[in-house]
Amino acid sequence: MDEDLDTGSIALQKSFDVNSYDTVFSLYEKGVMNGATLANEFLSLIKKTDGNILLKNIPDAKNEKYYSFPQAKDRKMLYARGKSFCKYL
């Protein structure tokens, strides 16, 4: 842990399917639901280890991936493919 925001290791992560009919809203909902599940898992790990959890002992911690919110270039690429963030736009 350090004093900066969102710069540390990823403790847990989970992938989920992205379908052609998904919107920004459905993806947000999937992310929130998976995030809640992972938060519960992580709290259980903290409880099991009496707060002495080490990230190096978490499976797949070394295979972490981080995806930030889409930037302008990402939106342009999406629109160029004929897609949008919301099926109503």
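- Panel note: side chain Lys30, backbone Asp17; a donor-acceptor pair is recorded below 3.5 Å.
- The distance from atom CG of Leu43 to atom CG of Leu38, rounded to the nearest 0.5 Å, is 11.0 Å.
- With sequence neighbours left out, the side-chain hydrogen bond (donor to acceptor under 3.5 Å, both in side chains) criterion links Thr37 to no other residue.
- Between the NZ atom of Lys14 and the CE atom of Met33 there is a distance of 10.0 Å, given to the nearest 0.5 Å.
- Although no hydrogens or angles enter the test, the distance criterion places no donor-acceptor pair under 3.5 Å between the side chain of Asn34 and the main chain of Gly31.
- Not a single donor-acceptor pair under 3.5 Å links the side chain of Ser26 to the backbone N or O of Asp22.
- Applying the under-4.5 Å side-chain rule to Ile, Leu, Val, Met, Phe, Trp and Tyr, the cluster around Phe16 extends to Val18, Leu27.
- Counting only residues at least two apart or on different chains, no salt bridge (charged side-chain N to carboxylate O under 4.0 Å, His left out) pair has a member in residues 40-50.
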